[in-house]
Protein chains: 2
Amino acid sequence: MTHLDAARRMAAECLCFRVRRATRTITRLYDEALRPLGLGAAQLTLMNAVAMGGASGQTMSRLADLLALDLTSLSRNLRPLEKGGMLAIDRHEDDRRVRVVRLTPAGEELLVAALPRWTEAHAKVTAMIGAAEAESLRASLDVVTAARHRLREEDA
Amino acid sequence: MTHLDAARRMAAECLCFRVRRATRTITRLYDEALRPLGLGAAQLTLMNAVAMGGASGQTMSRLADLLALDLTSLSRNLRPLEKGGMLAIDRHEDDRRVRVVRLTPAGEELLVAALPRWTEAHAKVTAMIGAAEAESLRASLDVVTAARHRLREEDA
DNA sequence: GGAAGAAACTTGCATATACAAGTAAAAACA
DNA sequence: TGTTTTTACTTGTATATGCAAGTTTCTTCC
């Protein structure tokens, strides 16, 4: 087994490599579309996850789970949006360990303003790989997330 | 159109969100398997791309293209591996703008040592989502990369 | 009710990623 | 041949990501 054999095998099969590469490609398209808003794809995703909590907001743990994001990463990713006035982070009334994240009115406006840009990026990716492939990709990615949750519950 | 409508739509359909989330999930599994080697998934991927250049090495531009990675990101990602003695970066003899990246003997050894760990992580992901889904995911991700290259060539 | 343990985050540190702007070397061209 | 342009990469700055370790607050169990 030479290092070249190892390299060929990994290059041919590695899912981690492929998903990371595709993420860079796709993220760039979204970033580009969102640039006029001064918002990155990761930030829009985060705001969106916050928005899904509605008026009662989301706890950080819940956001981390929704995004499959480490709590420490989440903690820092919130900062730029908080400083930009898009998010408000308060302590929970009943349990002061918990932080509750909500969109501010400015955040709600930005999310609405982002929708056409998001639609544009989504259409670009769909056109790039074809609608059927986009659907197949979406389904496969959701299987990864579902499997992650299943394993989580088995551990617990 | 309220912000909640926008949020629901993006949460239900966004490919960027999904591919980023899946990348985090999958990368964590690979990182975990590779930890005993002191190597991250991104680093293994990078070493592997370098290895594919064989004895003549790879230029940075070529690596950036293979990995769909910005040249500036690549430039910095090489540093830890270079400092760790796994890579050597030299100027090209005929064109002194170009840098040629090669594995050192230590790098070749590490790559061989990484293969069982990589296999383990690959098996874990495959078991998690099923072999058929893994293959479907791999195929979809490759379509993204192929489409990116197609668009590149159309521009040129 | 006080101590031990658990839960929910934050901070320190390191790598990963990319845009804008800078540098150096080769190629094109006047 | 000398200037201009292009190419290949680096640096400055900012966000993204996660592990280890720390802090605060709640819960549990004597």
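Letters go in sequence order (proteins before strands), and every chain restarts at 1.
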Counting the atoms with a prime plus P, OP1 and OP2 as sugar-phosphate, which does [X] contact under 4.0 Å by heavy atoms, base, sugar-phosphate, or nothing?
X	answer
B/Leu74	nothing
A/Thr72	base
B/Arg62	nothing

Just wondering, more than 12 heavy atoms not from A/Arg62 lying within 6.0 Å of its CZ? no
Counting only heavy atoms from other residues, nucleotides and ligands, does the tally under 6.0 Å from CZ of B/Arg102 exceed 12? yes
Please report the distance, rounded to the nearest Å, between [atom1] in [X] and [atom2] in [N].
X	N	atom1	atom2	answer
B/Leu78	D/dT11	CG	P	12 Å
A/Leu29	C/dT17	CG	C1'	15 Å
B/Leu63	D/dT10	CG	P	12 Å
A/Leu71	C/dA8	CG	C1'	7 Å
A/Asn77	D/dT15	CG	P	10 Å
A/Glu32	C/dA18	CD	C1'	13 Å
B/Arg97	C/dA28	CZ	P	10 Å
B/Arg99	C/dA26	CZ	P	11 Å

Measuring to OP1 and OP2 of [N], would you say a side-chain N or O of [X] lies under 4.0 angstrom away?
X	N	result
A/Ser73	D/dA16	no
B/Arg96	C/dA24	no
A/Arg91	C/dC9	no
B/Ser75	D/dC9	no

Does B/Thr59 or A/Pro80 map to a spot on DNA chain D nearer the 5' end, using the closest nucleotide for each? B/Thr59
Specify the residue among A/Gln43 and A/Asp95 whose closest nucleotide of DNA chain D lies further upstream toward the 5′ end. A/Gln43
Given A/Asp95, which of A/Arg99, A/Arg97, A/Arg91 fulfils the salt bridge (charged side-chain N to carboxylate O under 4.0 Å, His left out) condition? A/Arg97
Ignoring hydrogens and angles, does a donor from either the side chain of [X] or the base of [N] sit under 3.5 Å from an acceptor on the other?
X	N	result
B/Arg24	D/dT17	no
A/Arg76	C/dT15	no
B/Arg35	D/dG18	no

Please check if the side chain of A/Ser73 supplies one atom and the backbone of A/Leu69 the other of a donor-acceptor pair under 3.5 Å. no
Spell out, as yes or no, whether a donor-acceptor pair under 3.5 Å connects the side chain of B/Thr104 to the backbone of B/Met86. yes
So B/Met60 and B/Ser75, do their side chains get closer than 4.5 Å, heavy atoms only? yes
Residue whose nearest DNA chain C nucleotide is more 5′ - A/Ile89 or A/Thr25: A/Ile89
